[in-house]
Structure formats: structure tokens, C-alpha cells
Amino acid sequence: MADKIVIHGGIPLNGEVSISGAKNAALGILPAAILADTPMVIDNLPDIQDVNIYVTMLEKLGASLTREGDRLTVDPSGIRFENVDKIVEEATKLRASYYILGAFLSRFRKGRQPLPGGCPIGERPINLHIMAFESLGARVQITETMISMEADELNGADITFDPVSVGATINAMLASVKAKGTTVLRNAAKEPHVVDIANCLNLMGARISGAGTDTIKIKGVDSLRGVVYSVVPDQIQAGTYMIAAAATCGNILVRNIIPQHLESLTAKLREMGNEVTEYDDSIRVIGRRPLLPVNIKTMPHPGFPTDLQQPMGVLMCLAEGQSRITESIFEKRFEYVGQLVKMGADAHLRTENVAVFNGVDHLEGAVIEATDLRAGAAMVIAGLAAMGTTEVLNLEHIERGYVDLVENFRALGADIARVSG
Ligand code: UD1
């Protein structure tokens, strides 16, 4: 039998929670270390599956690593191109493994890898990554399972993304940072982790400007050095606790965050009637009733993040009236709606990318599944808010992206446990 999370719900959460470094920033900073000439020290590294898989990949590629708590020292000098075939198993598990292609193209002028894995939330093509590599001068070959590329030299290029892509923006920065001349990325992603990875590369000696706007300029440099860099706080984990406070009518201070990164969520929580107070590096959310219905459309940053729409779906189940989510980034992000219906939610899909939630008095405990990473966090919040006992299955999804989720909720007063099967 598989492991599960068992929750006896209905308890208002109360207290403080401190947020770890961001998964999606860490997954770009780890491959950035491949580009350094000297050892790199990464602080505030979250202890989650996806990061741990990445650390294993770096080790198998030949890096020397020392990990103490949330600090990882990476000496990349032993990394060899020939080792790429040793990471096939890990690379297929994790979508962000494709950043190794960008970093390898930059360092070795070639790369080879299986096509990436990740959450089952839609097609998730990588055409924009390939277009960026090709624009810089790479010759790319793709078979059913593998992608390989090679370049005689990398030259700066003018690259326009459509649609906006976080992954392609980061990969293009990694690949072009040591190219000859200037690269311009247009319609670039503006997410906080894009900015964090640019900040890290700049501290290493890169010349990147405009990160956080939709045009990023990268003037190629000859070399990058290892530095001490602390990963930006995780806005998605922070948002998850904020929504949990609202869903359980609780009072939570979410610490060690950058409140500006959460403005779109803060606005929606307030619109629903909750009390949200921003401090310098923390946010307090007090859940209020009645919850008012809202509509959300997921958008690239600074719009409402697709990674927080599933937890918001839980909250919408408890609002008085009809709410709606329009998902405009990924096409398969509503698998969780069926799980909420098992708990008594009145929710359905109007179209493939629009979900409608008619508020109910309360949710009832049920046996439900984490259908992907962010849906997993939503299922836990649903269990915390529901009356009775909820069992959440398929934990491997949740453990890819949340540090100490069960322990943190227990410290906030929840009756929650991870039970081994
Ligand atoms: C990243 C995040 C993920 C988040 C998402 C959107 C990481 C490791 N993951 O995913 O948590 O949900 O941003 O904020 O950082 N697209 C293409 N061609 C491409 C690449 C993307 O058409 O080559 C499309 C995608 O199908 C999607 C849209 O662009 O519809 C945005 O995807 P993208 O921003 O690339 O998401 P990821 O980087 O995969």
C-alpha cells in the first residue's frame, strides 16, 4: 500500500510559518553552477524531491558537492560532457532537467538528453527552447526520446517568445550568457524566479539587464565565477499557506517572503473578504466569513499564477455564490475538480479551460488523489477545511515541491499525519 496523508479537518489554522527557497528558482540556479569556473555556494536551497533529483544529476555529471542543511557547495570543475548519459533516469523525471541542455551548450557547445518529464498538466512542448538554441547557432536533432545539439560557436541573437515561457526564457539566458555579442529576449517571462536566476548569473559575472521586464538583454562574457547566492523565497509555497488560512478561517503569519511577489493573490483574497496585512518580509492572512465569489484568469507574472489556481479552487468551493477560474497557461490543470466533487463540492468544467465553482456550506472528508504537484497542495487544503477525515493519496507529486508540508500544517494546529502504507 502507498503512503498517504490523513487529515481530520475543520480546525482553524493559527500561528507562523517560515517559507523555504523557491523550487523553480533553485532549479535554474543549480544548472547555472555548471557555468562557474570556481565553486559555487547555494544557500536557502529547499529540501524537496525535484531539487534532490537535480543535485543527484550534478553529482553524476561529475560535480563535487557538499550539502549542509540548506547550503549546497558545488565544485563544477569535474563535470564532463561524456557523463550526460548517466543522468537519463533522473532527467526523464523532471521537466527542468532541460536547463542542463542550455548550460551544457554554453559550457561545452553541445548537449544531449532525453526529452524532459514533469507534471501531467498538458502538452508542454519545448519548441521555444529549441528555437532559442538554434537562434544562438546550435544544430538541434530530436528523436522520439532524445534531444541532441552541437554548435561551432554561439552568437548573440534577437529572440522573440510566443507564448511567454518561463522555462525557455531561463534556458535562453543560460545558453547565451557566454555567447559572442548581445542576445535580446523579447516577450520574456517576468516571474520572480527568472529575475532571481538573472541576479545570480550577474553576481557570477554575467551582463544581463532587463530581467523582470519583457525585454532581457544579455551581453556575452568570457567566464563566470562561483559566488555565494541565496535562493529567493518560494511564492507558491507562501501562497499555499495564505490560502490555507483563508480556507480554514484561520490566522497565519507567512514569514520570510517577498510580499510584492504575491500581490495578485493578496488582491483576490481581499476581494473574497479575507483580511490580508503585508509587512516588509511577511504577510498575515485572517480568514473571514462569508467568503465572496471571485473570478480568476491565470496569466504570466504579474498576473495570477497558474500554480496557485488549484488551491484557490478549494476556497471558491466555500464562497457564497458562483466563482470561475479560466486557465490560460496549461490545458490540463483541472483534473483536481473531480476530486473536490468527491468531497461534496458543486464544481464542474464549463469548457476544457474554464471551471465553475458554486459555493457549498462545507466540504466533507473523502479519499482523494493528488493529480499533480499543485493539485496535491490543493487537496491537502481541502482536507484541512473539510469536516471529517480526508485521505490524500499519490504523495509523490506533493513531495516534489513542498518543504515539510505536513509538519508545518501540524505546527499551525492541524490534525494531519503522513501514514506509511
Ligand atoms: C514553469 C514552472 C511551472 C509554472 C509555469 C508557468 C518551472 C520549473 N516550472 O513551467 O511551475 O506552472 O512556469 O508559470 O519553473 N510553451 C510552448 N513552447 C515551449 C515552452 C512552453 O508552447 O517551448 C507553452 C506551454 O505549453 C505553456 C506556456 O508556454 O502553455 C507557458 O509554459 P512555461 O512558462 O514554459 O512553463 P514551464 O517553464 O514549463
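Counting starts at 1 for both ligands and their atoms, in listed order. Because only heavy atoms are used, hydrogens play no part in the values below, and waters and symmetry mates are left out as well, while side chains stay in.
- By the 4.0 Å N-to-carboxylate-O rule, Asp234 lies too far from Lys23 to be salt-bridged with it.
- Taking 4.0 Å as the cut-off, Tyr98 counts as a neighbour of ligand 1 on heavy-atom distance.
- Residue-ligand proximity, Ile126 to ligand 1, at heavy-atom distances under 4.0 Å covers atoms 19 (C), 23 (O).
- We find that Lys93 and Glu396 are not joined by a salt bridge, their nearest charged nitrogen and carboxylate oxygen being 4.0 Å or further apart.
- A distance of 14.0 Å separates CE in Met312 from CG in Asp307, rounded to the nearest 0.5 Å.
- Where the criterion is an N or O separation shorter than 3.5 Å, residue side chain and backbone included, Leu27 fails it with respect to ligand 1.
- Of the N or O atoms in Asp307, one or more lie within a sub-3.5 Å distance of an N or O in ligand 1.
- Ligand 1 has Pro163 within reach: a non-hydrogen atom of the residue lies less than 4.0 Å from it.
- At least one heavy atom of Arg333 sits closer than 4.0 Å to an atom of ligand 1.
- Ranked by closest heavy atom to atom 16 (N) of ligand 1, the top entry among Ala132, Ser328, Pro125 is Pro125.
- Backbone and side-chain nitrogen or oxygen atoms of Arg374 are examined, and none is located within less than 3.5 angstrom of a nitrogen or oxygen of ligand 1.
- Between atom 1 (C) of ligand 1 and the options Val166, Leu308, Ile236, Ile329, the minimum heavy-atom separation is to Val166.
- Both the backbone and the side chain of His129 come within contact range of ligand 1, each with a heavy atom under 4.0 Å.
- For a threshold of 3.5 Å applied to N or O pairs, the pair formed by Leu128 and ligand 1 contains at least one separation below that value.
- For the ring pair (Phe, Tyr, Trp, His ring centres under 6.0 Å) condition, no pair includes a residue of residues 161-197, sequence neighbours left out.
- Ligand 1 is never approached by Leu373 to a heavy-atom distance shorter than 4.0 Å.
- Residue nearest to atom 35 (O) of ligand 1, selected from Ala22, Ser165, Gly28: Ser165 (by heavy-atom distance).
- Between Phe104 and Phe81, the ring-plane angle classifies as tilted under the 30° and 60° cut-offs.
- The pair Arg95-Asp50 fails the salt-bridge criterion, with no side-chain N (NZ, NE, NH1 or NH2) lying under 4.0 Å from an Asp/Glu carboxylate O.
- To the nearest 0.5 Å, atoms CD1 (Ile236) and CG (Leu308) are separated by 4.0 Å.
- With respect to Glu407 and Arg410, no salt bridge is recorded, no charged nitrogen being found less than 4.0 Å from a carboxylate O.
- Evaluation of the ring pair (Phe, Tyr, Trp, His ring centres under 6.0 Å) test over residues 197-246, restricted to residues two or more places apart or in two chains, returns Tyr241-Phe409.
- If you check each of Asp372, Asp162, Thr306 against atom 6 (C) of ligand 1, the one with the closest non-hydrogen atom is Thr306.
- Atoms of ligand 1 found under 4.0 Å from any heavy atom of Arg95 (numbered from 1 in listed order, with element): 39 (O).
- The pair Arg225-Asp37 does not meet the salt-bridge criterion, since no charged nitrogen lies less than 4.0 angstrom from a carboxylate oxygen.
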